[in-house]
Amino acid sequence: MTSKCCFKIGFILGLVFVCTNAQEKVFNVLSYGAKADGRTDDSKALLNAWRDACQWNGNGTLLIPLGEYMVYGALFKGPCNGSAMTFEMKGVIKAPTDPNVFCKLESWISFQYIHGLDIKGHGTFDGQGACAWGKHPCATLPYTLGLYFIKNLIVHNIHSINSKGVHVNIYQCSNARFRHVQIVAPDNSPNTDGIHIGYSKNIRIADSNIGTGDDCIAIIDGSQNINITGITCGPGHGISIGSLGKLSTHGIVKDIQVKSCTFINTQNGVRIKTWASSITGMATNITFDDITIINASNPIIIDQHYCPERNCSGSTQESCVQIKDVTFNNIRGSSSSKAAVTLSCSASYPCKGIMLNDINLEYHAPDAPAISTCANANGKATGKELPPSCLK
């Protein structure tokens with residue numbers, strides 16, 4: 001069948017529709033021997049269907065119909081012959097419960113080196129992670145969905161539940177849009193970040209619900225032009241920029257906007273964190289705007305002494321990551337701790353250009369009211385300031 005197909009690109013500055021006359025063809029995994037019984041390993045069927053869809057000279061769609069598909073691991077690799085690929089998932093893809101299967105895998109399901117990819121379909125990735133959140137034989141647990149070296153990506157109406165490790169890892173991608181994504185794991189599931197972004201640019205995440213045992217969204221080294229809107233986060237550790245200064249020298253995160261998001265019963269609200277180390281880097285031009293926070297332990301926090309590991313708890317090293325030009329605007333709600341605003345910056349590289357405008361964070365406890373604390377933070381506060389700002 002020949003039809004006109006439009007593929008969307010240019011997500012940050014607006015939508016551009018590129019229309020071509022291309023043959024569309026659906027590659028149904030049931031035709032490749034998938035059993036969809038939730039027990040038989042259907043990995044080979046999915047990979048064979050992808051191979052043919054990727055080799056198709058038109059627009060190929062890999063279709064996963066309703067049903068449960070046990071998959072021990074799958075790498076969907078490009079480049080592909082067509083102008084765009086579609087991964088349409090209507091069923092549930094389940095991971096095996098034995099964590100030994102994954103000790104050598106970075107990602108359970110991954111896509112690599114593709115130009116033009118649409119992942120959709122109201123389906124679910126079920127990582128069955130509860131079996132691995134306690135003791136397990138692996139040094140690290142795999143991402144549920146790894147997205148690597150992809151240009152022009154759309155992910156929408158997809159669910160991810162109970163990942164063994166991070167739910168979605170985005171690495172070296174550009175021009176990506178996520179919307180109506182549902183990510184769920186219990187609050188005691190370790191290292192189950194919702195969406196993890198590194199060395200990527202022009203990423204938009206909108207109108208999604210994320211509740212995990214770690215960061216709802218984490219933005220790390222090399223990320224720029226990231227736009228996050230309409231996210232409901234909770235449980236989890238909030239939306240974090242960092243951890244910077246741990247692995248890569250001169251890592252830069254810039255041009256980040258987090259807007260119109262809601263945090264419910266989270267450990268943190270909006271956070272920037274860096275390691276106290278000699279590794280240099282920068283986080284700059286960051287805006288948190290129109291944020292509702294309900295009962296977070298640290299609603300607003302810059303932590304340049306981040307160190308969750310015991311072996312650095314006594315270190316006197318200061319962070320060498322520069323944080324500058326950060327705006328916190330119209331942030332309201334409630335704090336579950338007395339310190340509603342914490343700006344703990346490096347003595348070696350003090351924070352610069354920190355702006356607090358219209359902050360209204362209530363604290364209801366016997367030791368009320370809430371306070372703000374500053375160390376090595378330079379900037380100014382305007383508008384309503386509850387708690388009173390510590391910026392001078």
Side-chain angles (χ1 to χ4, degrees), residues 179 183 187 194-195 204-212 214-219 226-242 255-273 283-303 323-345 351 353-375 377-392:
R179 57 185 175 87
I183 295 176
D187 59 2
I195 299 177
R204 180 176 180 182
I205 305 170
D207 304 326
S208 297
N209 296 322
I210 304 174
T212 73
D214 210 295
D215 294 332
C216 290
I217 299 174
I219 303 167
I226 312 297
N227 186 292
I228 299 168
T229 60
I231 304 301
T232 298
C233 169
H237 294 179
I239 293 178
S240 294
I241 295 172
D255 304 331
I256 312 297
Q257 183 179 65
V258 179
K259 186 174 182 179
S260 302
C261 295
T262 300
F263 300 80
I264 303 173
N265 296 323
T266 53
Q267 182 187 87
N268 309 290
V270 290
R271 173 170 64 160
I272 302 173
K273 57 181 180 178
T284 184
N285 195 20
I286 298 164
T287 300
F288 301 101
D289 181 33
D290 186 26
I291 305 295
T292 299
I293 296 175
I294 302 172
N295 202 40
S297 298
N298 302 295
I300 297 174
I301 180 169
I302 295 177
D303 181 7
I323 295 176
K324 67 176 185 177
D325 300 331
V326 180
T327 299
F328 301 94
N329 181 64
N330 189 16
I331 299 178
R332 68 271 177 184
S334 59
S335 175
S336 62
S337 68
K338 188 174 179 67
V341 178
T342 301
L343 307 177
S344 178
C345 299
C351 297
I354 306 300
M355 303 292 295
L356 294 170
N357 181 62
D358 287 338
I359 308 300
N360 186 6
L361 294 167
E362 298 182 349
Y363 172 58
H364 303 288
D367 59 339
I371 62 171
S372 62
T373 63
C374 291
N378 301 303
K380 66 179 182 179
T382 59
K384 183 177 180 65
E385 294 299 329
L386 181 68
S389 177
C390 54
L391 288 173
K392 303 300 184 181

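Since the model is a prediction, treat every value here as computed from it, not as a measurement. Side chains included, hydrogens not; waters and symmetry mates left out as well; all remaining heavy atoms used.
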Do [X] and [Y] come close enough that some side-chain heavy atom pair is under 4.5 Å?
X	Y	value
T232	I264	yes
T284	I323	no
F288	I256	no
I226	I228	yes
I286	T327	no
V258	I291	yes
V326	I272	yes
I331	I293	yes

With sequence neighbours excluded, residues passing side-chain hydrogen bond (donor to acceptor under 3.5 Å, both in side chains) with [X]:
X	answer
D255	N285
T382	N357
N360	none
T229	none

Once you round to the nearest 0.5 Å, how far does [atom1] of [X] lie from [atom2] of [Y]?
X	Y	atom1	atom2	result
K338	S297	NZ	OG	15.0 Å
I183	N209	CD1	CG	10.0 Å
D358	R332	CG	CZ	10.0 Å
N330	T292	CG	OG1	8.0 Å
L361	I371	CG	CD1	13.0 Å
L343	C374	CG	SG	4.5 Å

Applying side chain to side chain contact (heavy atoms under 4.5 Å, CB included), name anything that partners [X], two or more places apart in sequence or on another chain.
X	value
S389	L356, A381, E385, L391
S372	V341, P387, C390
A365	Y363, D367
S260	D290

- Query: Any side-chain donor-acceptor pair under 3.5 Å between N329 and D289?
  - Reply: yes
- Task: For R179 and S208, test the side chains for any donor-to-acceptor distance below 3.5 angstrom and give the result as yes or no.
- Result: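 Checked: R179/S208 side chains show no N/O donor-acceptor pair below 3.5 Å.
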Measure from the side-chain N and O atoms of [X] to the backbone N and O of [Y], and report whether any donor-acceptor pair falls under 3.5 Å.
X	Y	value
T287	Q257	no
T212	D214	yes
S336	A296	yes
N265	P235	no

- Query: Quick one: salt bridge (Lys or Arg N to Asp or Glu O under 4.0 Å) pairs with a partner in residues 256-273, sequence neighbours left out?
  - Reply: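 Pairs touching residues 256-273 that pass the test: D215-R271, D215-K273.
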- Message: Restricting to salt bridge (Lys or Arg N to Asp or Glu O under 4.0 Å), what partner residues turn up for D207, sequence neighbours left out?
- Response: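 Partners of D207 under the salt bridge (Lys or Arg N to Asp or Glu O under 4.0 Å) test: none.
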- Item | Working for disulfide (SG to SG under 2.5 Å), residues C345 and C351 | CA-CA 6 Å; C345 299; C351 297; 2.0 Å; yes
- Partners passing disulfide bond (SG atoms under 2.5 Å apart) against C261 (at least two apart in sequence or in another chain): none
- Query: Is the number of heavy atoms from other residues, nucleotides or ligands under 6.0 Å of K380 NZ greater than 12?
  - Reply: no
- Message: Checking T342 against I300 for the side-chain contact (heavy atoms from CB on, under 4.5 Å) test, could you report, in this order, the C-alpha distance in whole Å, the side-chain angles of both residues, the deciding distance, and whether it holds?
- Response: CA-CA 6 Å; T342 301; I300 297 174; over 6 Å; no
- Note on the structure: Sorted by chain and residue number, the ring-ring contact (aromatic ring centres under 6.0 Å, His included) partners of F263 (sequence neighbours excluded) come out as none
- Task: Take I217 and I205 through the side-chain contact (heavy atoms from CB on, under 4.5 Å) test and state the conclusion after the steps.
- Result: CA-CA 10 Å; I217 299 174; I205 305 170; 4.2 Å; yes
- If you look at every heavy atom in P299 and A340, which pair is closest and at what distance? CD-O, 3.3 Å
